[in-house]
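Basis for what follows: all heavy atoms, side chains included, without hydrogens, waters or symmetry-related copies. Start at 1 and go down the list; that is how both ligands and their atoms are numbered.
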Amino acid sequence: MDCKPRAKPLLLCIFLFILSFICPALLIIHPSNEVNLLDSKASQGELGWISYPSHGWEEISGVDEHYTPIRTFQVCNVMEYSQNNWLRTNWIPRQSAKKIYVELKFTLRDCNSIPLVLGTCKETFNLLYLETDEDQGSRFREHQFSKIDTIAADESFTQMDLGDRILKLNTEVREVGPVTKKGFYLAFQDVGACVALVSVRVYFKMCPFIVRNLASFPDTVPMDSHSLVEVKGSCVNHSKEQEPPRMYCSTEGEWLVPIGKCLCNVGYEERGSSCQACRAGFYKSLLGNVQCSKCPPHSFTHHEGALHCGCEKNYFRADGDPPSTACTRPPSAPRNVISVINETSVILDWSWPEDTGGRKDVTFTVLCKLCRPGQRVCEACRSNVRFLPRAAGLQNTTVTVGDLLAHTNYTFEIEAQNGVSQLAPTMRQYAAVTITTNQAAPSPVTVIRKDRTSRNSISLSWLEPERPNGIILDYEVKYYEKQEQETSYTILRSKGCNVTLSGLKADTSYLLQIRARTAAGYGASSRSFEFETSPDSFSISSESSQVVLIAISSAAAIILLTVLLYIVIGRFCGYRRSKHPDEKRLHFGNGHLRLPGIRTYVDPHTYEDPSQAVHEFAKELDASCIAIDKVVGAGEFGEVCSGRLRLPSKKENCVAIKTLKAGYTDKQRRDFLSEASIMGQFDHPNIIRLEGVVTRSKPVMIVTEYMENGSLDSFLRKHDAQFTGIQLVGMLRGIASGMKYLSDMGYVHRDLAARNILVNSNLVCKVSDFGLSRVLEDDPEAAYTTRGGKIPIRWTAPEAISYRKFTSASDAWSYGIVLWEVMSYGERPYWEMSNQDVIKAVDEGYRLPPPMDCPATLYQLMLDCWQKERNNRPKFEQIVSILDKLIRNPGSLKITANTSPRPANLLLDRSSSEVVQSLGTMGDWLDNVRTLPCKEAFSGVSYSSCDTLPKTSAEDLKKVGVTIVGPQKNIVSSIKALESHSKNAPVPV
Ligand code: AMP
């Protein structure tokens with residue numbers, strides 16, 4: 001401690017020494033909103049303030065508790081009268097202050113504690129100030145000063161305090177303002193106190209620079225009055241004003257009420273109170289105080305401050321894609337295209353592409369190309385080809401293409417597109433399918449012209465139908481008197497496009513319809529056209545009227561005779577024609593002539609010599625045109641091979657070749673070839689097509705189109721659960737369409753089963769296995785019935801099993817079983833139940849349960865096909881139309897039979913309620929469903945009641961050792977059926 005060697009201030013010197021140890025609080029860290037104009041403590045050297053008189057205030061050096069030197073002033077002339085000691089600071093520049101604060105820290109001696117004072121001792125001193133524009137140096141005039149206040153001590157110290165080292169430091173703050181001149185002085189007037197000024201700090205308050213809401217606000221000096229200063233902020237670098245930023249500066253130097261804000265620019269994010277560029281690999285595309293985001297998949301940035309990320313090679317962003325979405329690419333090609341041809345229209349169905357390119361906006365576009373024989377490049381289809389619902393922008397995976405030309409090759413290119421396909425034309429992929437349309441009946445005649453009219457004849461001509469769909473063989477002209485209302489009519493045939501109707505009544509209106517016929521049969525009739533014969537305009541004499549009468553009578557007699565003859569010949573031909581499929585049977589129902597227009601199946605047995613039937617219906621092929629490649633299967637009569645057929649001036653075709661093994665008997669040869677005689681009569685896209693036979697050389701062969709995927713049952717087993725519902729329905733629709741054709745022709749298949757359906761590479765299903773005795777002899781599934789016949793029990797309707805009543809309705813039953821086989825991916829109907837049990841169960845009303853995940857509509861169709869009363873079963877035409885509706889409305893496939901509210905019909909379900917009650921335990925139930933291998937597997941595990949069954953999954957079944965796919969599926973679907981069954985009221989089959 002460095003005290004000046006003076007006697008008088010000794011007391012204070014000691015006091016300050018003590019003070020510096022006792023009170024670290026002396027060293028106040030000033031709040032940042034205070035700007036010092038003077039701080040006596042900060043001065044290291046002498047302050048140089050002026051004292052008047054010079055023996056009044058004394059400047060003393062000391063140290064604070066950190067041993068930092070400080071300067072203090074003290075005065076203590078309490079022993080003397082009339083004290084007037086002034087201490088004046090140096091000139092203090094005002095800076096920007098409008099109001100100043102003076103903070104004094106001082107100690108004051110309690111007068112009472114000073115011994116021997118003579119009543120002059122004071123305990124206050126005065127604080128004064130003087131404003132000037134310039135420093136006045138040492139010039140000092142007392143009267144120029146204005147008093148700020150008399151400063152009294154809150155606490156004064158005594159001798160005892162000194163002894164106890166108790167410090168009584170006073171802090172007083174006084175405001176002075178407004179101050180307006182460039183600077184000012186402060187003065188301390190002592191009138192006889194014992195006081196030490198430990199520190200004098202003069203400051204003004206200021207709202208300091210601040211960044212708030214990304215806007216910077218400068219240092220702001222508050223008003224001297226109590227009003228606030230409104231301050232506008234400026235946005236920090238890389239930011240923009242969202243709403244003008246403002247704040248208020250209070251007189252206390254505090255910022256109040258922030259309003260408005262700034263937002264970081266795109267490519268910049270808020271970090272601390274500034275906007276910083278996004279790092280590489282990050283982007284920010286929006287103005288706002290969100291953080292930069294990582295580049296989405298398949299995009300990148302290598303620089304800082306990116307607004308968005310660029311796409312990797314072969315990835316794109318569509319126009320409307322926000323920068324936050326991943327870059328995407330065009331989809332891969334659609335898969336598994338199947339085509340179902342119906343005359344001159346085709347239903348195309350496909351699966352979603354494996355890779356949608358990462359987008360959801362996938363649509364499909366179908367391009368139609370017509371491929372003429374001999375032309376290498378296919379041409380675009382005519383504009384009148386109809387697409388349903390449309391050719392482009394398809395959201396579903398199916399389209400119907402109509403109004404194609406008959407017997408024509410078409411290629412359809414199906415492209416999956418998404419929002420970026422346009423950006424990458426070279427990456428676009430499509431699936432193509434080539435089809436050949438079938439023959440189709442001609443479209444109706446629309447234009448008919450009246451050429452000549454007389455009293456009893458009319459000559460007409462017409463234009464060929466717009467779509468002849470083949471060579472028109474002839475036209476059928478049907479006409480009748482208008483007033484007779486079609487109760488009797490006449491039919492004429494014409495090879496050309498004109499006809500003369502004679503023998504008409506004079507002055508009479510006739511209605512007339514024309515329809516054209518091609519090899520595919522009759523087309524639809526034209527609308528009715530009305531014509532009138534000329535009026536009887538002349539009168540005739542009685543003599544001539546007699547002549548006319550005789551003439552008319554003779555004519556009538558001749559006509560009558562002709563008609564009779566026609567009927568007789570017609571009947572005769574009708575009988576004969578039943579032996580010939582290309583001719584039409586004539587029916588006389590209600591005395592009227594009916595021409596059905598559909599070819600009829602001719603049973604080759606009705607031919608005395610079956611080989612005649614073969615040559616009538618099958619083309620004889622030269623064995624040299626056939627090349628056998630490999631064996632693909634085994635038939636009853638020999639091997640089935642794949643190979644190629646090259647007919648003169650035709651392109652080579654893949655074919656299947658059935659051979660008749662050596663050493664055959666005559667009967668075997670006849671039976672073998674009977675299949676060709678039957679197949680050769682059919683021409684339908686869902687019936688296996690016969691290419692021809694080889695009978696004139698050995699081995700005897702039947703050559704058919706080649707079906708790459710073989711028989712349907714094994715195909716489905718190989719691709720378990722791999723098809724979409726719509727694909728399965730597409731296949732079923734094909735089978736139903738083929739069966740409709742067969743039933744329309746009057747052919748009953750008798751052995752319809754998945755094993756007798758063949759599948760080609762486009763998933764088109766075709767009915768095969770035609771034969772006579774061999775149909776059932778050949779089938780390993782066929783078993784002898786009590787009546788001696790061999791029948792595939794599980795596929796056959798009860799009436800056919802019991803009394804061999806085979807009809808299209810029994811084929812419909814079998815179709816229901818095929819439907820079940822398809823929906824269960826080749827499961828064996830009734831699993832391992834014995835044929836006898838199946839017959840008994842079906843007879844008692846039990847039916848197969850719905851296969852797993854089987855759409856309710858399809859299960860309903862199965863049940864309909866399995867109606868006991870055969871007339872209640874749906875016709876194939878109805879089945880086709882039900883399936884068409886499902887294809888058009890694929891959403892309907894989503895409701896599965898297992899979850900549908902309609903109670904499922906359990907296999908062996910006698911009366912549903914009875915079964916639920918009687919199936920008390922798992923064992924009972926298994927006994928009832930006769931899934932014996934499974935029953936054994938279940939014994940010993942804790943599935944004891946039907947209540948627990950519905951929770952059983954395929955996984956659970958595996959655990960208990962049921963690993964055969966068939967029984968597992970059976971059990972799970974039966975369990976599900978049982979579950980829905982027990983929840984709902986029973987409905988007998
Ligand atoms: P099938 O004697 O007609 O029952 O034929 C026996 C096996 O030969 C069938 O199960 C098929 O695997 C195969 N097969 C028969 N016809 C064809 C064909 N047109 N295309 C391909 N495979 C065939």
Strictly under 4.0 Å, does any heavy atom of A634 approach an atom of ligand 1?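 Under 4.0 Å: yes for A634.
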For E708, is the nearest heavy atom under 4.0 Å from an atom of ligand 1?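 No, that is not the case, since the closest heavy atom of the residue is not under 4.0 Å from the ligand.
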Any N or O on [X] sitting closer than 3.5 Å to an N or O of ligand 1?
X	result
E675	no
Y706	no
G633	no

Measure the CZ-OG distance between R646 and S624 for me, rounded to the nearest 0.5 Å.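 R646 atom CZ to S624 atom OG measures 12.0 Å (nearest 0.5 Å).
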Mark yes or no: R755 above the aromatic ring of W795, with NZ or CZ under 6.0 Å from the six-membered ring centre and no more than 45 degrees from the axis.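 Pair R755/W795 counts as cation-pi.
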Taking heavy atoms and a distance under 4.0 Å, where does N756 meet ligand 1: side chain, backbone, both or neither?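 For N756, no heavy atom sits under 4.0 Å from ligand 1.
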In terms of side-chain geometry, is the basic nitrogen of K766 or E705 positioned less than 4.0 Å from the acidic oxygen of its partner?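 Looking at E705 together with K766, the answer is yes, because their closest N to O distance falls below 4.0 Å.
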When you compare the side chain of L861 with that of I879, does any pair of heavy atoms fall below 4.5 Å?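 They are in side-chain contact.
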Side chains of T434 and Y410: closer than 4.5 Å at any heavy-atom pair?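 T434 does not reach Y410 side chain to side chain.
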Start with the C-alpha distance between E413 and K369, add both sets of side-chain angles, then the distance that settles salt bridge (charged side-chain N to carboxylate O under 4.0 Å, His left out), and finish with yes or no. CA-CA 8 Å; E413 292 172 0; K369 287 184 176 171; 2.9 Å; yes
Can you list the ligand 1 atoms lying under 4.0 Å from a non-hydrogen atom of G635?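 Going through ligand 1 atom by atom, the ones under 4.0 Å from G635 are 2 (O).
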